[in-house]
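Being a predicted model, the structure only gives us computed values, none of them experimental.
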Amino acid sequence: MLVKVPFNQIQVNMVAFEGAEVIFPYGDKWFRMKWDDVPTRFKQLYVLKLRLGGVRVPDALQQHFVDNIDVVDLSIELDLDKAEEIDESYPVR
């Protein structure tokens with residue numbers, strides 16, 4: 001099931017031995033999604049956020065640099081079928 005989540009509600013989280021993932025709310029539940037399943041649109045906006053904040057963009061994200069990006073709609077479409085529900089005590093790093 002595809003759902004729309006505002007970009008600013010999605011958090012990038014690092015998990016030991018698994019790498020990056022995103023954590024996000026939908027309805028009254030929280031979910032996590034593996035980085036490989038995260039849409040390119042989110043990754044492009046995330047790179048833009050890092051650049052605007054003066055943070056060095058990791059080499060693994062260099063492919064998500066774009067010359068122009070539309071920021072009129074900041075919703076990210078996520079596939080809940082690729083996400084796992086988590087509880088509020090899930091560790092976020």
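The hydrophobic cluster containing W30 does not contain I10, counting ILVMFWY residues as joined when their side-chain heavy atoms lie under 4.5 angstrom apart, directly or transitively. When the side chains of ILVMFWY residues are joined at heavy-atom separations under 4.5 Å, either directly or via intervening members, M14 and I86 end up in two distinct hydrophobic clusters. Clustering ILVMFWY residues whenever any of their side-chain heavy atoms sit less than 4.5 angstrom apart, transitively, puts Y26 in the very cluster that holds V12. The same ILVMFWY cluster, assembled from side-chain heavy atoms under 4.5 Å apart, contains both L48 and V38.
Side-chain atoms of I76 and V22, non-hydrogen and from C-beta on, never get closer than 4.5 Å to each other. A heavy-atom distance below 4.5 Å is found between the side chains of F24 and L80. Looking at L74 and L45, their side chains come closer than 4.5 Å, going by heavy atoms from C-beta outward.
Contact detail for L78 and P39: the closest heavy-atom pair is CD2-CD, 3.5 Å. Closest non-hydrogen pair, V92 versus Q11, comes out as CG1-OE1, 3.5 Å. For the residue pair M33 and A83, the shortest heavy atom distance occurs at CE-CB, 4.1 Å. Closest non-hydrogen pair, V47 versus H64, comes out as CG2-CB, 3.9 Å. Between N13 and P91, the shortest heavy-atom distance links the atoms ND2-O, 3.2 Å.
For residues 78-91, the set of pairs meeting the side chain to side chain donor-acceptor pair (under 3.5 Å) definition, not counting sequence neighbours, comprises E21-Y90, R32-E84, R32-Y90, D87-S89.
Shown here are the salt bridge (Lys or Arg N to Asp or Glu O under 4.0 Å) partners of E77, two or more places apart in sequence or in another chain: there are none. Shown here are the side chain to side chain contact (heavy atoms under 4.5 Å, CB included) partners of D73, two or more places apart in sequence or in another chain: K4, S75. With sequence neighbours left out, D59 forms a salt bridge (Lys or Arg N to Asp or Glu O under 4.0 Å) with R56. Considering only residues two or more places apart in sequence or on other chains, P58 meets the side chain to side chain contact (heavy atoms under 4.5 Å, CB included) condition with L50, L61. Here R41 pairs with nothing under the salt bridge (Lys or Arg N to Asp or Glu O under 4.0 Å) rule; sequence neighbours left out.
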- request: May I have the step-by-step check of side-chain contact (heavy atoms from CB on, under 4.5 Å) for F42 and V5, ending in yes or no?
  value: CA-CA 10 Å; F42 175 81; V5 177; over 6 Å; no
